Structure formats: structure tokens, C-alpha cells
Undergrad: 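Quick one: structure below, then a few questions.
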There are 2 protein chains.
Amino acid sequence: MNELSVSQYDLVYNVFSFGIAVFGAATIFFFFGRSQVAPAYRTALTLTGLVTLIACYHYFRIFNSWNDALEVKNNVLSHTGVAFNDAYRYVDWVLTVPLLLIELILVMRLPRAETVSKATKLGFLAALMVVLGYPGEISSDAGTRWLWWGLAMIPFVIIVYDLFIGLKNSIASQPVEVRGLVNAARTVTVLSWCFYPVVFIFPMIGFTGGGAETAVQIGYTFADVIAKAVFGVMIYLIAAGKSEAEGFAPAKH
Amino acid sequence: MNELSVSQYDLVYNVFSFGIAVFGAATIFFFFGRSQVAPAYRTALTLTGLVTLIACYHYFRIFNSWNDALEVKNNVLSHTGVAFNDAYRYVDWVLTVPLLLIELILVMRLPRAETVSKATKLGFLAALMVVLGYPGEISSDAGTRWLWWGLAMIPFVIIVYDLFIGLKNSIASQPVEVRGLVNAARTVTVLSWCFYPVVFIFPMIGFTGGGAETAVQIGYTFADVIAKAVFGVMIYLIAAGKSEAEGFAPAKH
């Protein structure tokens with residue numbers, strides 16, 4: 001992070017604060033949203049809110065770590081000697097990525113056996129993917145990074161394949177009103193996910209320095225906002241749409 | 001901020017603290033208010049409370065940044081060398097301005113397709129407006145400031161036009177008891193909004209120094225209080241009025 005400019009530092013700082021605000025607000029929205037949907041979809045919204053709550057916690061940690069590592073005084077940026085702890089992202093992902101796949105499966109309300117098998121399989125693969133990425137992330141050796149990147153890509157590809165092909169057949173069982181939304185949620189997941197393995201290889205292809213560090217942090221934050229908060233709003237809309245289609249009216253009291 | 005006096009520093013300090021208190025209290029009022037209105041209006045109140053919660057968070061950050069940047073000891077004001085981060089306002093606005101337009105649309109309870117199209121259009125334009133203002137705000141060059149001010153004014157004018165002309169036709173569909181309130185909410189939005197582009201041009205027309213800085217910070221805070229908390233109370237009154245007109249009675253228990 002040596003060549004970071006003051007304005008790059010500020011931009012990353014503000015984007016992290018933006019993350020805290022987005023995930024905090026999203027959490028409350030999803031928890032209030034539980035009473036607006038039929039009981040069958042409330043667990044999906046609980047998980048949706050937990051994903052953004054966990055992210056809110058980690059963005060607090062990331063924001064504080066950024067401020068502990070770098071200092072700006074009289075418009076000069078200096079390193080305090082404390083390392084910026086990027087690992088918070090991996091701790092976040094190992095929890096939130098399995099949960100957000102499970103919230104998508106739950107909101108589809110498939111037969112119970114299919115729900116359990118899909119949630120177990122995708123949740124396990126998602127956690128494995130994040131765990132395999134971590135040894136590469138903390139290494140500065142390009143060879144080591146490629147090795148773990150390649151290993152993490154195996155569960156990544158299986159999950160993406162499963163979401164695109166496996167869940168596609170289940171979409172036909174959804175009420176016609178929400179099929180477009182379920183499709184959009186699948187697409188949002190896959191597109192926002194593609195960002196992560198690309199960012200991972202930045203240092204391996206010579207994209208380093210202050211501009212790269214800024215791009216990585218802002219990119220990860222926006223990918224997280226889309227994969228968790230925007231995706232969560234889609235889960236809420238699917239849950240509300242299906243509740244209405246099934247004749248559910250929110251309690252008056 | 002060089003020519004700031006101790007009493008100007010104190011005044012801004014106290015006004016920021018006022019902002020924290022107002023937005024914190026308003027948030028709790030709106031969240032409690034959810035159970036006083038019919039289920040159809042609860043999402044509007046959730047968003048109203050989230051707008052003031054996000055603002056409360058940012059006024060905490062702004063307040064702390066003000067204290068980190070300036071120090072008063074033995075009645076002498078000095079700069080610590082840490083910059084005052086005015087960007088928190090933009091991070092706040094990019095989230096809250098779209099949300100508060102959406103809360104106005106939701107409380108009107110228009111047909112679903114109209115709600116979705118209006119909320120998407122106004123929400124997007126509002127975020128665009130704030131994003132376009134930011135590069136001008138962080139520049140000290142008058143030409144650059146005018147350029148981004150002009151660009152941000154394009155979505156600004158479209159939104160104001162839409163609120164004044166577009167929503168006017170929808171007012172006829174509202175229960176007669178709340179038409180005056182909906183009208184007032186529109187007017188409050190437009191009037192409080194006009195403050196922002198005017199304050200933005202202060203440094204471009206030579207209004208600088210401690211007095212100008214004080215005026216800007218106090219002005220922004222009061223405009224925020226009106227556009228978010230006072231506006232939110234109107235949303236609550238509209239929601240409560242419509243709930244009553246539709247025969248809704250809050251739970252006795």
C-alpha cells in the first residue's frame with residue numbers, strides 16, 4: 001500500500017463507512033420485513049438480515065483496521081506500522097456466502113429433502129471455496145497464489161454451475177409472478193461473484209500500487225453490497241410476492 | 001477553516017450534536033409508528049426510520065471528525081492537522097435521498113407498476129445527482145466546481161419537475177383528508193432541497209472563511225433535519241391518516 005495518495009486513502013475510508021451504513025440499514029429492513037411475509041419465508045429473511053449484520057460488523061472492523069494502519073496529518077499520508085487486516089473479508093465470507101446461498105434456496109421453498117440436500121451441498125462448497133482462497137490471499141508469492149486460486153475455483157465453478165443449471169429447473173415450480181425475480185437473483189449472484197476471483201489475480205498480473213489497492217477495496221465493497229444487500233432486497237421481494245400469491249396478508253397487529 | 005473563531009467552532013459542534021439527538025429520536029419514533037399504521041404503510045415507515053438512522057450514524061461520524069480536526073484549549077482554537085471529512089455528507093445523501101423519495105412514493109400507495117417505475121426512476125436520479133456533486137465538492141477550483149454543479153443540476157431539475165408535475169396528478173387519487181399533507185410533503189422536499197445547490201456555490205462566489213464555514217455546516221444540518229426528520233413526520237401523518245380513512249384500528253394489546 002506504499003504508493004497510496006491521500007485522496008485514495010480518503011476514498012477507501014469513505015467507501016468502508018458507506019459499507020457500514022448500507023449493511024446496518026439493510027439488516028433492520030430485513031428484520032422488519034419478516035412480519036410482512038408469510039411464516040414460510042421468515043427464516044429466509046432472518047438469514048438475509050444475519051448476512052448483512054455479519055457484514056456490518058466486519059466493515060466496522062475493516063474501517064478501524066484501515067485507520068489504525070494509515071494516518072493522514074497535514075495532508076501527508078504515513079504508515080503507522082500496524083498492518084491492515086484484510087483477513088476480515090475471509091472471516092466474513094466464510095460465514096455469509098454459505099448463508100446467502102441458503103437464503104436463496106429457502107425462499108424458493110422446494111420440497112424439504114431437496115432444500116436440505118441443496119443447502120448442505122452449496123453451503124459446504126461455499127465455505128470450502130473461501131477457505132481455499134485464504135492461503136493464497138495471505139501469500140505474496142505468485143505461484144502460491146495461483147495454486148490456491150485454482151483450488152478455490154473448483155467449488156466456485158460447481159456452485160455457479162449448480163445455480164445456473166440446477167436451480168433453473170426449480171424455477172418452473174415458482175409462482176409466475178416471481179419467476180423473473182428468482183432469475184434475476186441467480187444472475188446477480190453469479191455476476192457479483194465473478195468479481196472476486198478476478199480481483200484476486202490483480203497482484204499476480206502486475207496490477208499493484210495505490211491505484212490497484214484502491215480498486216480492490218472499492219471493488220470488493222461494491223461486490224459485497226450487491227451480493228448481500230441488493231441480493232437481499234430481491235429475496236425480500238420474492239418472499240413478499242410469493243406470500244401475496246399464496247393469499248397471505250400481514251397481521252394488522 | 002482557518003479563520004474560525006472559538007464561538008463559531010462551539011456553535012457548529014453543538015449543532016452537530018443536535019443532529020445526532022434529532023435523528024436518533026426520530027428513528028425510534030418512526031419504528032414505533034409502524035404498529036400505529038395499516039400494514040400497507042409499514043414499509044414506508046421502515047424506510048423513513050432507516051433514513052434518520054443512517055443520518056444519525058453520519059452525524060456521529062461528522063461530529064467526531066470535527067473534534068478530531070479542531071481543538072480548543074484555554075479558549076484558543078488550533079488545528080490538529082487531521083482533515084475534517086465533509087465527504088460523510090455525500091455518503092449519507094447517496095443513501096438517504098433515494099430512500100426518502102421512495103418513502104414518499106410508497107406512502108401514496110399507487111398501483112404497483114407505477115410505484116416500481118417511479119421509485120426506480122427517482123431513486124436512480126437522486127443517487128446520480130449526489131454522485132455528480134461529489135467531484136465538485138472535493139475540488140477547490142471554481143471551474144471544476146461549476147462543471148459538476150451544472151451536471152448534478154440536471155437530475156436535480158428532473159426530480160423536482162417530477163415531484164411537482166408528475167406526483168401532482170397522483171394526489172387526486174389520495175383520500176381527501178391527506179391531500180393537503182401530501183402536497184405539503186412535496187413542498188417541503190422541494191424547498192429544503194433548494195438549499196443544497198445554493199450552499200454548494202458559496203466558495204465560488206467568494207463567500208469563504210469562518211463565517212461561511214459555520215453557515216454551511218449549520219445550513220446543511222437544518223436542511224437535513226427538515227428533509228429527513230420533519231419530512232418523515234409528514235410521511236407518518238399521511239400513513240396514519242390514510243390508515244384511519246381505510247378503517248384500520250391499531251391493536252389494543
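On a predicted model such as this, the values are computed, not experimentally measured, just so you know.
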Undergrad: Can you tell me which of A/L11, A/N74, A/V22 forms the most heavy-atom pairs within a distance under 4.5 Å of chain B?
TA: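 The candidate making the most pairs under 4.5 Å is A/N74.
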Undergrad: Side chain from CB out, backbone as N, CA, C, O: work out which of these in A/V6 comes under 4.5 Å of a heavy atom of chain B, or both, or neither.
TA: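 Contact with chain B involves no heavy atom of A/V6 at all.
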Undergrad: Side chain, backbone, both or neither: which part of B/V51 has an atom under 4.5 Å from a heavy atom of chain A?
TA: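 B/V51 has no heavy atom closer than 4.5 Å to chain A.
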Undergrad: Is atom CD of B/Q36 surrounded by more than 12 heavy atoms (other residues, nucleotides or ligands) closer than 6.0 Å?
TA: yes
Undergrad: Can you tell me if A/F164 has over 12 outside heavy atoms packed within less than 6.0 Å of its CZ?
TA: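 Atom CZ in A/F164 is packed in, count exceeds 12.
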Undergrad: Given the options B/H58, B/R34, B/R61, which has more heavy-atom pairs under 4.5 Å with chain A than any of the others?
TA: B/R34
Undergrad: Determine whether more than 12 heavy atoms belonging to other residues, nucleotides or ligands lie under 6.0 Å from atom CZ of A/R179.
TA: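 Yes, enclosed.
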Undergrad: Would the number of heavy atoms belonging to other residues, nucleotides or ligands and lying under 6.0 Å from CZ of A/F207 be above 12?
TA: yes
Undergrad: Is the shortest side-chain N to carboxylate O distance from A/E246 to A/R109 below 4.0 Å?
TA: yes
Undergrad: Measuring heavy-atom distances to chain B, does A/S35 have an atom under 4.5 Å in its side chain, in its backbone, in both, or in neither?
TA: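 The side chain, not the backbone.
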Undergrad: Relative to chain B, which segment of A/F31 carries a heavy atom at a distance below 4.5 Å: side chain, backbone, both, or neither?
TA: neither
Undergrad: Most heavy-atom pairs under 4.5 angstrom with chain A, which of B/I54, B/L53, B/N85, B/I138?
TA: B/N85
Undergrad: Around atom CZ of A/F248, are there more than 12 heavy atoms from other residues, nucleotides or ligands closer than 6.0 Å?
TA: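 Above 12, so yes.
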